[in-house]
Amino acid sequence: MPATSCWLSELVTDKTSTDYDAMAWLYANHWGAEYHEQGYGILDHVLLRHLPRGAVILDLCCGDGRIAAQLSQSGFDVTGLDSSQQMLGYARYRAPGVPFIAADARDFVVRRPVDAVISTFDALNHVMTTADLARVFGCVFQALKPGGSFVFDLNREEAYTTLWSTTYSIVDPEVVCICAGTYEHFARVAKADFTVFQPAGVEWRRSDFQMKQFCHHEGEVVEALRRSGFDHVKVLDAETDLGMFGNIGRGRNYYSALRPNA
């Protein structure tokens with residue numbers, strides 16, 4: 001594992017958000033296994049095998065640090081960025097040797113350019129407008145070295161209409177959770193309403209929260225990348241092009257783009 005150093009500088013604007021603190025425990029303990037069983041292999045196929053050992057990578061919207069931990073274990077110099085302090089607490093536990101920074105993906109700078117930026121598990125669908133997604137792309141472009149790579153995935157509308165708009169539950173000794181999902185086609189907004197019960201002594205504590213995502217259309221994403229300065233933009237279907245199977249591959253696109261050398 002390489003020595004790591006924090007090469008990221010946060011802007012002193014609104015760096016953190018509590019929007020995802022409520023779901024951090026549930027995410028870290030009960031979500032993501034299906035994605036992460038396949039996600040690192042997809043990243044390796046699309047990007048990592050083309051990078052030298054020790055390449056500098058920014059894991060943007062890193063969540064609970066599962067991908068960052070794997071990157072570090074594979075010999076990359078990785079730093080994670082997320083706006084949720086609760087998520088970052090789990091990330092620091094999972095990957096104690098990796099620097100993690102609380103910052104807004106729409107408003108960050110780096111002290112030295114990086115070889116690659118990644119953002120996985122439809123994290124950028126949580127950016128709720130096309131204009132804000134373009135702000136993210138602008139920050140990423142400035143963070144990359146000339147010739148640097150940007151790889152991320154986004155849910156397509158198919159994921160929201162076939163998978164998101166359902167109700168599911170988790171029942172085990174440490175949590176009872178009910179989640180009801182909806183998708184508003186014209187607004188392109190997906191919502192998931194959670195009711196969670198967790199033991200607190202002899203009683204159970206209830207919490208309620210909502211998670212939202214926005215369906216970014218492929219053409220708008222590609223145009224925003226190009227307007228930000230990226231070229232060699234590619235769009236790959238996770239299921240048909242990359243072999244991602246199960247529900248996690250359905251309705252998901254992977255995007256890759258390069259910052260030009262000159």
Side-chain angles (χ1 to χ4, degrees), residues 1-12 15-21 23-124 126-127 136 139-145 148-153 254 256 259:
M1 187 180 304
T4 56
S5 59
C6 181
W7 34 258
L8 196 67
S9 296
E10 320 99 301
L11 296 181
V12 291
K15 302 189 294 292
T16 61
S17 169
T18 59
D19 291 350
Y20 298 100
D21 285 354
M23 64 179 260
W25 181 90
L26 197 64
Y27 181 94
N29 290 278
H30 288 275
W31 282 351
E34 185 182 7
Y35 178 88
H36 287 95
E37 284 171 0
Q38 302 181 61
Y40 193 83
I42 298 296
L43 275 180
D44 181 63
H45 176 77
V46 175
L47 172 67
L48 301 178
R49 65 181 60 182
H50 307 295
L51 296 175
R53 182 176 176 84
V56 181
I57 300 177
L58 171 62
D59 185 357
L60 187 66
C61 306
C62 63
D64 67 348
R66 275 177 268 199
I67 292 290
Q70 290 178 285
L71 289 168
S72 180
Q73 291 162 11
S74 298
F76 295 105
D77 181 355
V78 58
T79 289
L81 180 154
D82 202 277
S83 65
S84 167
Q85 292 281 14
Q86 292 292 325
M87 284 288 195
L88 291 176
Y90 290 106
R92 293 182 180 109
Y93 177 79
R94 287 186 185 275
V98 173
F100 291 99
I101 298 295
D104 189 326
R106 300 166 297 178
D107 200 13
F108 71 92
V109 294
V110 298
R111 291 198 291 267
R112 62 183 173 96
V114 304
D115 296 296
V117 177
I118 63 164
S119 188
T120 58
F121 203 5
D122 47 85
L124 294 184
H126 293 283
V127 179
V136 174
C139 289
V140 171
F141 186 87
Q142 294 300 322
L144 285 168
K145 296 177 182 177
S149 299
F150 181 29
V151 173
F152 60 97
D153 66 82
Y254 275 81
S256 66
R259 174 169 176 162

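Model, not experiment: these values are computed from the prediction. When a residue number appears, it is its place in the shown sequence, counting from 1.
- A 4.5 Å side-chain heavy-atom check between Pro113 and Leu144 finds every atom pair outside the cut-off.
- Contact record, Cys61 with Ala123: CB-CB, 3.6 Å, taken as the closest heavy-atom pair.
- His36 meets the side chain to side chain donor-acceptor pair (under 3.5 Å) test with no other residue; sequence neighbours excluded.
- Remark: the backbone N or O of Ala68 is not paired with any side-chain donor or acceptor of Ser72 at under 3.5 angstrom.
- With hydrogens and angles disregarded, a donor-acceptor distance shorter than 3.5 Å links the side chain of Ser119 to the backbone of Leu60.
- Tyr254 meets the side chain to side chain donor-acceptor pair (under 3.5 Å) test with Tyr35; sequence neighbours excluded.
- Judged by distance alone, the side chain of Asp153 and the main-chain N or O of Asp122 form a donor-acceptor pair under 3.5 Å.
- Put simply, the side chain of Val109 does not reach to within 4.5 Å of the side chain of Gln142, judged on heavy atoms.
- Cation-pi geometry between Arg259 and Phe141 is met: the NZ or CZ atom falls under 6.0 Å from the ring centre, inside 45° of the normal.
- At least one side-chain heavy atom of Ile118 sits less than 4.5 Å from a side-chain heavy atom of Ile57.
- At least one donor-acceptor pair under 3.5 Å links the side chain of Asp82 to the backbone N or O of Gly63.
- Nearest heavy atoms, Phe100 versus Ala95: CE1-O, 3.6 Å.
- Around atom NE2 of His45, no more than 12 heavy atoms belonging to other residues, nucleotides or ligands sit under 6.0 Å away.
- In the model, Thr120 has no side-chain atom that pairs as donor or acceptor with a side-chain atom of Tyr40 under 3.5 Å.
- Between Tyr90 and Trp25 the shortest side-chain heavy-atom distance falls below 4.5 Å.
- Judged as a salt bridge (charged side-chain N to carboxylate O under 4.0 Å, His left out), and not counting sequence neighbours, the contacts of Arg94 are Asp64.
- Across all non-hydrogen atoms, the minimal contact from Ala143 to Phe108 is CB-CE1, 4.1 Å.
- Counting only heavy atoms from C-beta outward, the side chains of Asp104 and Ser83 never approach each other to under 4.5 Å.
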